[in-house]
2 protein chains.
Amino acid sequence: MNPTIKDVAKHANVSIATVSRIVNGLSGYSEETKKKVQESIEALGYQPNAIARGLINKRTQTIGVLFPEVSGMLSSEVLEGVENAAHDGGFSVIVCNTASSGKRTVKYLRLLQEKRVDGIIFASEDVKKEYYKIFEEMKVPVVLVSTASTQYDLPYVRVNDYEGAFKATEYLIEKGHEEIGMIGGSYQDPIAGIPRMQGFKDALQKHGLPFSDDHLTTNEGYRFQNGKESLPLLLKKLPNMTALFAASDEMAIGAMSAAHQLGVKVPEELSIIGYDNLKIAEMCYPALTTVSQPLKDMGQTAGEILVNLIKGEKKEAESRYMPFSIVERQSVSDLRDK
Amino acid sequence: MNPTIKDVAKHANVSIATVSRIVNGLSGYSEETKKKVQESIEALGYQPNAIARGLINKRTQTIGVLFPEVSGMLSSEVLEGVENAAHDGGFSVIVCNTASSGKRTVKYLRLLQEKRVDGIIFASEDVKKEYYKIFEEMKVPVVLVSTASTQYDLPYVRVNDYEGAFKATEYLIEKGHEEIGMIGGSYQDPIAGIPRMQGFKDALQKHGLPFSDDHLTTNEGYRFQNGKESLPLLLKKLPNMTALFAASDEMAIGAMSAAHQLGVKVPEELSIIGYDNLKIAEMCYPALTTVSQPLKDMGQTAGEILVNLIKGEKKEAESRYMPFSIVERQSVSDLRDK
DNA sequence: GCGCTTTACGTAAACGTTTACGTATTTCTC
DNA sequence: GAGAAATACGTAAACGTTTACGTAAAGCGC
């Protein structure tokens, strides 16, 4: 097996306490013994056992991250940021794919509890009562990313969806559009669904444009297919629509795909603005104008906040609204040009 | 703190050994005490401490996964599969983002060694000597996914890149194309670079079509930008090109984007076939015909193989070539129609 | 009812660390 | 150079489990 601290101690003719002190950079030994011990460590190839350490320190230097789907482009960018911050802070990250299933989520939380992770990052989903109970039991810090909790006081890192949607809509209005539709999420979704739809509606009304149910389709998810299926419906309800706000990039691109099939030219006949700024946004044709969420930064920030909470440097973490911006590409035309 | 096995034992008036036996489903207790202990567990909300377990069992029920980038669409799909298989097998997964840096990789391997992971999945990169040495030191099973090692005997899960490229090229030839170019990877890359270029070349030659350096551009990476920048170069070298094989979907879509900008119509004037079948392949316009790698399945399979190796059910794992297929979408036109 | 096996436990060591405490030696102070 | 303070260690307990071993009681065959 791997050499242990005992082996090193024996090899260097000192006690394990001394080895431990040297390994951990504490004081209480001479330069001479330090050198001797370091040579033994080198000679034996000693690696401290993080499990044994974790047992006594009650710290595993590990955090858990829960995503509704790990292969989503949104999740994966956030994950990269989290992993980055965690690594910089000396933590490893365990990924958990909840698949948006309550049962799986609970099962994973229990697992993370058994594994004694030092903290948790919870992404893109609503915090149910069951989850919160476990958070409390675990007594480890939790930070939310790309979501927030309406009922519980948990720190979050996200963008203001209402404002993002509002600005996106205003952007279209500024470009001279007046018949504007939206492909939205679900009214059951208090995080990304309602606020984005509300922002859309409020922007229209602020600028004296009409709003009715005809201006909106709702969807269970935020995927390509949702957008692709929504466009024809919306076009039926709002035949003179010249611009479209989609609540996600995937939906926007789905709508773009449907538009191509229907022979509707983007952006000449229909302008489209998305939401997220995924990597695909610049890859599609025409490149998608969209509301940019700094996903990687969000993950990074959430990771940093969590690390600080774990290290106890901050007692109470403040939540953070991250700045969004509108990335102008080619999917929106300016009607005022004409 | 969390209740321990001792607390349960005290509460139920038995020894910790009995509690342990009951928790682990071993034998050696009466139904009566079992019930009593289970009630105590319930009452106290006892959760076994996986760290302490890991210390004595020398098993952490955790595996490490190393990716050159976690936010890539390729990695994230593979990761989902791995996570799935690991979870089913009772393992957690620690993700590591090597960022294609040797230093980072080594640092992560050391970390995983300290954390005493039970196995490792290594993705999409070449296994350097340094890495292999650590694998040997760690004495845990390793499985490669979406890569293979030319020098070391490590089990891998991947598709046959040579054949994939060969078939992709043949597909274009079957569609009547004769001036076919390729946007390739690097000759330094023995995994995805050389075999795909060789497959391309051999397919041309098999069908009596000429091949020269003019038919190929090489690239450091496989990203959108690489493809976008390659197309004009290739078009200059091969002005009559009617079809194009790109060594990755991202490059294919980059080429498509460049084609749009140059006013070259896809697929009417230029057919494009990609490689990977990422989710974006069906989202772009026109939808991309491509060589499909079963990424999630590959991750899943690699995860299963690793779990079996860890559990010792199989002593030596056989490597697996996963089946690829050509997914026909709209980016390739059939010249024979005319 | 005597020996033997089986059952149902309990005791204690072990896993590899960290760390409080003790102690011998050195260094300092005057 | 005597006593105090600092230094450089070593000893052993603790972290929360699993498990080999021991043992008392129960069950069994005859």
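The sequence lines fix the lettering, A, B, ..., with proteins before strands; numbering per chain opens at 1.
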Out of D:dG16, C:dT18, D:dC9, whichever nucleotide has its closest atom nearest the side chain of A:Asn24 = C:dT18
remark   = Against the side chain of B:Ala17, the closest entry in C:dG10, D:dC9, C:dT18 is C:dG10
query = Roughly, in whole Å, what's the span from CD in A:Glu32 to C1' in D:dT7?
reply = 14 Å
ask   = Would you say D:dC9 has OP1 or OP2 under 4.0 Å from some side-chain N or O of A:Thr33?
value = yes
request  = Just call it for B:Glu31: base, sugar-phosphate, or nothing, with non-hydrogen atoms closer than 4.0 Å on any strand.
outcome  = nothing
task = Between A:Arg53 and B:Tyr29, just flag the one whose closest nucleotide in DNA chain C comes earlier from the 5' side.
result = B:Tyr29
ask   = Tell me: CD1 of A:Ile56 to P of D:dC15, nearest whole Å?
value = 8 Å
task = Output yes when B:Glu137 and B:Arg110 qualify as a salt bridge under the 4.0 Å nitrogen-oxygen rule, no when they do not.
result = yes
query = Hey, is the side chain of B:Thr4 poking within less than 4.0 Å of OP1 or OP2 on D:dG16, counting only N and O atoms?
reply = no
ask   = Counting distance only, does the side-chain N/O of A:Thr60 pair as donor-acceptor with the main-chain N or O of A:Arg116 below 3.5 Å?
value = yes
ask   = Going by an N to O cut-off under 4.0 Å, is there a salt bridge joining A:Glu114 and A:Lys107?
value = no
message = Please confirm whether the shortest side-chain N or O distance from A:Thr18 to OP1 or OP2 of D:dA8 is below 4.0 Å.
response = no
task = State which residue, out of A:Leu306, A:Val157, A:Val143, fulfils the side-chain contact (heavy atoms from CB on, under 4.5 Å) condition with A:Thr301.
result = A:Val157
inquiry  = The side chain of B:Ala52 is closest to which nucleotide in this list: D:dT17, C:dG16, D:dT11?
reply    = D:dT17
query = To the nearest angstrom, how far is B:Gln61 atom CD from D:dT17 atom C1'?
reply = 14 Å
Per B:Ser30 side chain, nearest of listed nucleotides C:dC9, D:dG10, D:dT17 = C:dC9
ask   = Of B:Arg21 and A:Ser20, whose closest DNA chain C nucleotide lies nearer the 5' terminus?
value = B:Arg21
request  = Choose from D:dC15, D:dT18, D:dC9 the nucleotide whose nearest atom is closest to any side-chain atom of B:Ile5.
outcome  = D:dT18
key: Nucleotide D:dT17, atom C1' - distance to CG of A:Leu55 in whole Å   = 8 Å
note = In whole angstroms, the gap separating C1' of D:dT7 from NZ of A:Lys34 amounts to 16 Å
task = Return the nearest nucleotide to the side chain of B:Ile16; candidates are C:dC15, D:dT17, D:dT11.
result = D:dT17
query = Is any side-chain N or O of B:Asn57 closer than 4.0 Å to OP1 or OP2 of C:dC15?
reply = no
ask   = C:dT18, D:dG10, C:dT17: which one has an atom nearest the side-chain heavy atoms of A:Asn49?
value = C:dT17
request  = Look at all strands and tell whether A:Ser27 reaches a base, only sugar-phosphate, or nothing, counting heavy atoms closer than 4.0 Å.
outcome  = nothing
inquiry  = Assess whether a salt bridge exists between B:Glu42 and B:Lys35, defined as any Lys/Arg side-chain N lying under 4.0 Å from an Asp/Glu carboxylate O.
reply    = no
Protein-nucleotide distance (A:Lys6, atom NZ; C:dC15, atom C1'), rounded to Å = 8 Å
query = Under 30°, 30 to 60°, or over 60°: which ring-plane class applies to A:Tyr108 and B:His87, parallel, tilted or perpendicular?
reply = parallel
Euclidean distance, atom CZ of residue B:Arg59 to atom C1' of C:dC15 [Å, nearest integer] = 16 Å
inquiry  = For D:dG16, does the base pair up with any side-chain atom of A:Arg116 as donor and acceptor (N or O, under 3.5 Å, distance only)?
reply    = no
request  = Round to a whole Å and report the spacing from NZ of B:Lys35 to P of C:dA8.
outcome  = 15 Å
task = Have a look at A:Ile51 and say if it touches a base, only the backbone sugar-phosphate, or nothing, with a 4.0 Å heavy-atom cut-off.
result = nothing
request  = Report yes if at least one side-chain N or O of B:Lys58 is closer than 4.0 Å to OP1 or OP2 of C:dA14; otherwise report no.
outcome  = no
